[in-house]
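Worksheet: one structure, shown below.
By convention in this document, chain letters (A, B, ...) are assigned in the order of the sequence lines, proteins followed by strands, and residues within each chain are numbered from 1.
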Amino acid sequence: MNTQQDHYEQIEDYLADSLSDTERQAFETRLHSDTNLARQVNLHRQLQQAIVQEKGDRTMQQAIQQAAKHWEADEQPVGRTIRFQPKIYWAAASVGVLLLSAVFFGVFQRDNPSAQALFDEQFVAYEAPVLFRSTAIDTLVLQKAYVAYQDKAYVNAIALFTETLHQNPNQIVPYFYIGQSKLAMGDAVGAIPTFQTVIDHKNNAYVTQATWYLALAYLKIGDRESATAQLRTLTQRQDVYGKKATALLEQLNK
Amino acid sequence: MSQQQITHPDALLIDHFREGDQTVLKDIYSRYFPGIKQLIQTNRGSLDDAKDVFQDALMVIYRKSLQPDFTLTVSFYTYLYSVCRKLWLKQLRRQSTRNEVAITDTMDFIEDGIREAIVDNEQYSIYQEKFRLLGQECQQLLRLFMEGISIRNLTEMLGYNSEAYTKKRKFLCKEKLVALIEHDPRYKDLQE
């Protein structure tokens, strides 16, 4: 392992108070005699505070500048500026797609009851990572998105995951959870391209899961052939997804 | 002999100020900017200088007020004046060829802790400026890590293939950030 990486991790462990008593005492002995180490520890400590505070500080700077403008213009206090809130529009768009999809699904479900039954039997929304729920005003959009998803507030989760994609279009994980949210709401048509995006990206930890849920989404719309194709790619796996895919294929081929 | 600090009644003002309350901020401008403008213009500064110093001072006070051990023991205006005064003195010293720079004061001020508050503010400004130069992935990773998200959860949240990879990415992002900071001449000046 890289020595400098070890060094950084030791400083971080010290600041997080996660060194053992022996390690901490040894580290503090070095700290008292090594001014360079002391400077680095102080820098890491300040960096942590500065990064956690960054969004709040930026908000405060903007608030001060806004107050300065108002004072300079000698304006009376006005109401809050109405900002364009893309979340509302994304939420509305998602609800619209959901309604259209419900009509679309109704047609397919009439023709493929057993595929729907298989979907209902197999679908369980993917469990998101357990997170510390921060009440800080500057909690990241991504954290809020996960919390919304965990709370099954899927419309909100979709809007928030979409916002993180606007901030950083190179992410892949939000596509997976947007797909999960849509599928949980019954919008398999909307979920399919998002899972496909995760699979096409290849270099991420959600490819297998996305393949499984893509198969389920195809089942939901009655496309047994596409569902089968996805499940076949999983049957070679030795893990839980391989076993589930094999079992589901057997049911599909009955 | 230690003296117990007595909190000034303006501590309540600090609480609202810290929230970025627009009414409080506009009130601060109305009440205190004229006095600061007088200080700066009396000491060879322009109106724009006064505006810049006032805004910088408010950020110094904001960041200081976030520290858990901060207690306002003088009036908000005295504290604000003291910070503005120190900021303007620093500016005058940069512009002057002489060692000593005199300033004509318009009211009482305090010295205790003001220089440190200004240095901290400048350091944080540099750290955050360099942080915003990192790529979005690094910013997200470091922000989540600094907020206390475990490596295990980070790996899952960000879709990385292993915890070892997450740790490596975190280290590389932080190493780049530290290098950006340490190469900034303003950071070096602050260390002296």
Please work out which of the three classes, parallel, tilted or perpendicular, describes the rings of [Y] and [X], given edges at 30° and 60°.
X	Y	answer
B:Tyr77	B:Tyr81	perpendicular
A:Tyr213	A:Tyr126	perpendicular
A:Tyr177	A:Phe161	parallel

What part of [X] is in contact with chain B, defined as an atom under 4.5 angstrom from a non-hydrogen atom: side chain, backbone, both or neither?
X	value
A:Gln49	both
A:Glu12	side chain
A:Asp57	both
A:Ile64	both
A:Gln171	side chain

Review point. With a 3.5 Å cut-off and no angle check, do the side chains of B:Asp27 and B:Ser30 form a donor-acceptor pair?
Key: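 Their side chains do not contain a donor-acceptor pair, so the 3.5 Å distance test is not met.
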Side chain, backbone, both or neither: which part of [X] has a non-hydrogen atom closer than 4.5 Å to chain A?
X	result
B:Arg152	neither
B:Lys170	side chain
B:Ile28	neither
B:Leu154	neither
B:Phe131	side chain
B:Leu172	neither
B:Asp21	neither
B:Tyr187	side chain
B:Phe17	both

Q: Could you tell me whether A:Gln236 atom CD has more than 12 heavy atoms of other residues or ligands within 6.0 Å of it?
A: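 Result for CD/A:Gln236: open.
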B:Asp108 atom CG, over 12 foreign heavy atoms within 6.0 Å |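 It does not: B:Asp108 CG has 12 such atoms or fewer within range.
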query: Of the listed residues (B:Glu182, B:Gln55, B:Glu19, B:Arg18), which shares the most heavy-atom pairs with chain A below a 4.5 Å separation?
result: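 Answer, by heavy-atom pair count under 4.5 Å with chain A: B:Gln55.
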Greatest number of heavy atom pairs closer than 4.5 Å to chain B - which of A:Ala16, A:Ala67, A:Pro174, A:Pro169 =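 Top count of heavy-atom pairs under 4.5 Å with chain B: A:Ala67.
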Please confirm whether A:His44 and A:Tyr8 have ring centers closer than 6.0 angstrom.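 Between A:Tyr8 and A:His44, which both carry aromatic rings, the centre distance is below 6.0 Å.
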Centroid separation under 6.0 Å, is that true for the rings of B:Tyr79 and B:Tyr32?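 Centroid distance B:Tyr32-B:Tyr79: not below 6.0 Å, so no.
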Answer yes or no: is there a side-chain heavy-atom contact under 4.5 Å between B:Lys188 and B:Asp184?
->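 When only atoms from C-beta onward are counted, B:Asp184 and B:Lys188 do not touch, as no gap falls below 4.5 Å.
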Please check this pair: side chain of A:Gln230 against backbone of A:Leu214, looking for a donor-acceptor N/O pair closer than 3.5 Å.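 No, because the side chain of A:Gln230 does not come within donor-acceptor range (under 3.5 Å) of the backbone of A:Leu214.
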